Structures are given as structure tokens and as C-alpha cells.
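What follows is a single structure, written as C-alpha cells, with notes after it.
For ligands, and for the atoms within them, numbers begin at 1 and follow the listed sequence. These numbers were taken from a predicted model, which means no experiment stands behind them.
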Amino acid sequence: MVKRAYNFNPGPAALPLPVLEKVKEELLDYHGTGMSILEISHRSKEFENVINDANELMRKIYNIPDEYKVLWLQGGSSTQFYMVPANLMLEGKPAEYVNTGSWSKKAIKEAKFYGDVNVVASSEDKNFSYIPSNVSFNDNISYAHITSNNTIYGTQWQNYPAIGDAPLVSDMCSDFLSRPVDIKKFGVLYASAQKNLGPAGVTAVLIREDLINRGKALPTMISYKTHAEKNSLFNTPPCFSIYVCKLVLEWIKSIGGLNEIEKRNKKKSSIVYGLIDKSNGFYKGHAEPNSRSNMNVTFRLPSEELEAECINQAKGKCFVGIKGHRSVGGMRISLYNAVPVEAAEEVAEFLKEFQEAHTQ
Ligand SMILES: *Cc1c(COP(=O)(O)O)cnc(C)c1O
């Protein structure tokens with residue numbers, strides 16, 4: 001048996017072990033072709049089956065209505081920061097954004113290249129420790145944009161904001177496929193794969209058909225229409241990444257779909273939040289309780305020295321990736337889909353012992 005780390009990395013992140021085992025098993029001879037999936041043509045029957053299966057699985061797992069397309073694109077979520085406004089911004093109609101952290105800010109910056117942008121709500125006043133409540137969007141806008149999970153700060157929208165006729169767009173990079181979502185609430189959802197869906201290199205985009213072509217003249221590669229018309233095979237896609245995403249989707253289906261995934265995610269995060277809440281203030285959560293993320297748990301210790309020592313001791317336990325982002329400091333434990341419940345239990349036990357060893 002290979003010794004596996006407890007991987008709490010924020011992204012790229014843990015993948016399900018059965019998926020890695022399947023990749024290994026199929027690597028040298030993909031379905032009797034005598035070639036690896038890494039070597040075959042994206043125009044081959046084998047790869048076409050991979051992308052079609054991935055589409056089908058995504059549709060089933062997310063219960064995606066017929067009027068939506070699933071796209072597999074490159075350039076990460078960061079590329080969607082400009083593809084969304086390039087495709088969706090309409091003459092004379094601003095886009096409205098909610099600023100809940102660094103990723104929102106980056107999305108806002110890119111949108112400004114394409115038109116007027118209004119920030120209708122922000123949690124910057126308290127270092128993005130909460131999701132603004134009672135957010136409302138104006139009528140007559142091109143679209144509204146939120147970041148459903150704020151990876152760096154550890155906050156997550158619990159209820160999506162209401163919106164009129166304009167499409168709601170979400171950067172769902174770090175909580176994609178982590179819970180059931182009513183897809184109809186959204187016009188566009190995007191998520192690069194490396195947090196919950198698969199390896200880096202591919203970005204899933206779920207888009208309502210009427211938004212694929214708003215009649216704008218665009219360079220070929222940044223137009224959603226190009227990719228939608230060609231089943232994401234206009235140019236060479238990241239075949240291997242899409243293949244691994246397909247295996248992850250199969251894994252999600254095999255364990256019981258998004259209801260089971262959500263149950264496990266809630267269980268993991270409640271184990272770690274429970275430890276924080278019972279620590280008499282030794283561990284201080286960054287996110288306000290009603291904005292807490294089930295994906296990224298962020299907290300501080302009483303001093304930076306203790307934080308450094310805790311991270312150092314964690315290494316000896318094979319806990320990887322628990323250092324917080326510099327804009328929050330402290331620790332961040334990412335509990336994406338592929339992180340087992342046992343890992344959350346182990347890290348909570350470690351933190352409990354660390355506290356006991358460092359309080360009189
Ligand atoms: C990681 C992340 C991104 C950036 O994704 P890239 O694939 O690196 O472009 C964007 N938004 C959120 C919420 C993220 O967590």
C-alpha cells in the first residue's frame with residue numbers, strides 16, 4: 001500500500017482514490033487501443049465517448065435542464081472572468097457584481113474591459129468574513145455575478161440572491177458539485193476543475209442556450225458559440241483532464257450523487273467547525289457562522305508563532321496544505337468532495353491535542 005497524505009490543499013486538490021486507481025489501471029492501454037488516453041486523437045471514437053459520457057453524467061448528477069449546454073474550456077476560471085462579460089455584456093446595460101473577496105475582485109476587474117460594472121454589495125469592510133445579506137440587483141442589467149464560495153476567506157452563499165429577468169452568473173470554482181443546485185436559477189455557472197471536479201487544465205461551463213449567442217462579434221476562441229456548436233471540440237481540448245473529470249463524475253454517481261456528497265461535506269465541515277467552536281477561543285474562525293463554507297475552513301490561532309508551530313507539527317502527521325492564504329493568515333483546511341470524513345476527524349483530533357499541549 002502506498003502511503004497517502006491527508007491532502008487539504010486548496011487547489012489543485014485531493015482526487016478520489018478510486019479515480020486515481022482507475023487512471024493507473026487504464027493508463028497504458030486505453031480500452032484495448034494499445035495506446036494511452038494521453039496519446040489518442042481527440043477526434044477518435046474513444047475520446048468522443050469520453051466527452052459525451054462526461055456531458056451525460058454532468059447532466060444527470062446536476063439535473064441540468066435541456067435548455068442548458070455543458071462546455072469544457074481551457075484557461076481556468078480566470079478566463080471566464082473575461083469570457084462572461086465578452087459574451088454577455090449588452091450595449092447600455094451594466095453588469096452587477098457582488099464583491100465577496102479576491103476572486104470576485106479579479107472578475108470585476110476583467111468585466112470593466114467590456115462595459116459598465118456596478119458593485120451592488122461587498123463584504124470588504126470586514127475582510128470578506130461574511131456574505132452580504134439582502135442583496136438585490138437592478139432591472140435592465142446585462143447580468144449579475146456572484147462567487148458562490150470564497151476559497152481564500154472560507155465563506156459560502158447559503159441561499160442564492162433573488163434576481164429578476166437578467167441572468168445570474170456564478171463563479172462556482174470551489175464549490176462546484178459540492179451540493180445540489182437548482183441550475184435554473186443561473187444563466188451561467190463556471191468552475192475550473194482542480195478543486196472539486198478533476199485535475200487542472202479544464203473548466204466546466206454550464207450555460208443557458210439563449211446566452212450562448214447574444215449577437216456579439218467576438219474572436220473565435222472567446223465566443224461560447226464556437227465551443228457550444230462543436231461539443232467543446234472546436235480545437236484540441238485537454239483530453240486527459242476531461243477524462244479524469246469523467247471518472248470523478250462516475251465516482252460521484254456511484255456513491256449516491258450530490259445528496260450523499262453534500263451530506264459528507266457537511267459532516268466533515270461540522271467536525272472541524274465543532275472543534276473551533278469548542279476551543280474556548282483558542283481557534284478563532286474567520287468566517288461569520290452563518291456564512292461559513294463547507295469547503296474551506298479558515299481560522300487563526302492565538303499567535304503567529306503558534307500558527308507556525310502548528311503547521312510544522314502538521315507536516316509530521318502527513319497533513320498537507322493547511323496554511324492559510326496570506327490575506328487571512330492562520331490556517332485553512334480545504335474539505336473538498338474527495339477529502340474523506342476520516343481526514344477531517346484526524347485533523348480535528350490533531351488540533352484538539354495541539355490546543356491541549358499549548359494551554360495551561
Ligand atoms: C481557484 C479559483 C479561481 C481561479 O481558478 P483558475 O483555474 O486558477 O483560473 C477562481 N475563482 C475561485 C472562487 C477559485 O477558488
Check: Could an N or O of ligand 1 be found under 3.5 Å from any N or O of Thr147, whether backbone or side chain?
Finding: no
Margin query: Any nitrogen or oxygen of Asp171, side chain or backbone, less than 3.5 Å from one on ligand 1?
Written below: yes
Checklist line | Side chain, backbone, both or neither: Ser78 near ligand 1, heavy atoms under 4.0 Å | finding: both
Checklist line | Part of Asn149 with heavy atoms under 4.0 Å of ligand 1, whether side chain, backbone, both or neither | finding: backbone
Next item on the list: Please determine which of Leu206, Val202, Thr203, Val205 meets the side-chain contact (heavy atoms from CB on, under 4.5 Å) test together with Leu71.
Entry: Val205
Note to self: Quick check for you: to the nearest 0.5 Å, what is the distance between Leu275 atom CG and Phe299 atom CZ?
What the structure shows: 7.5 Å
Check: Which atoms of ligand 1 are found less than 4.0 Å from any heavy atom of Gly76?
Finding: 7 (O), 9 (O)
Item checked: Any Gln80 heavy atom less than 4.0 Å from ligand 1 -> no
Notebook entry, point to check: Which atoms of ligand 1 sit under 4.0 Å from any heavy atom of Ser77?
Noted result: 3 (C), 4 (C), 5 (O), 6 (P), 7 (O), 9 (O), 10 (C)
Next item on the list: Show which atoms of ligand 1 fall inside a sub-4.0 Å distance from at least one heavy-atom site of Ser192.
Entry: 5 (O), 6 (P), 7 (O)
Next item on the list: Record the part of Phe81 in heavy-atom contact with ligand 1 below 4.0 Å; permitted values are side chain, backbone, both and neither.
Entry: side chain
Item checked: Numbering as shown, the atoms of ligand 1 that approach Lys195 to under 4.0 Å (heavy-atom distance) -> 1 (C), 2 (C), 3 (C), 14 (C), 15 (O)
Checklist line | Glu288/Arg292 salt bridge by N-O under 4.0 Å criterion | finding: no
Next item on the list: Distance to 0.1 Å, residue and atom name: give those for the protein heavy atom nearest to atom 15 (O) of ligand 1.
Entry: Thr151 OG1, 2.4 Å
Item checked: Side chain, backbone, both or neither: Gln194 near ligand 1, heavy atoms under 4.0 Å -> side chain
Note to self: Using a 6.0 Å distance limit plus a 45 degree cone around the ring axis, check whether Lys230 lies over the aromatic ring of Trp72.
What the structure shows: no
Item checked: Qualifying residue for ring-ring contact (aromatic ring centres under 6.0 Å, His included) with Tyr153, from Phe128, Trp103, Tyr130 -> Phe128
Margin query: Does the plane of the ring in Phe350 sit parallel, tilted or perpendicular to the ring in Phe354? Use 30° and 60° as the thresholds.
Written below: tilted
Note to self: Is it the case that over 12 heavy atoms from other parts of the model lie below 6.0 angstrom from the NZ atom of Lys267?
What the structure shows: no
Note to self: Nearest 0.5 angstrom please: Phe186 CZ to Ser148 OG, how far?
What the structure shows: 7.0 Å
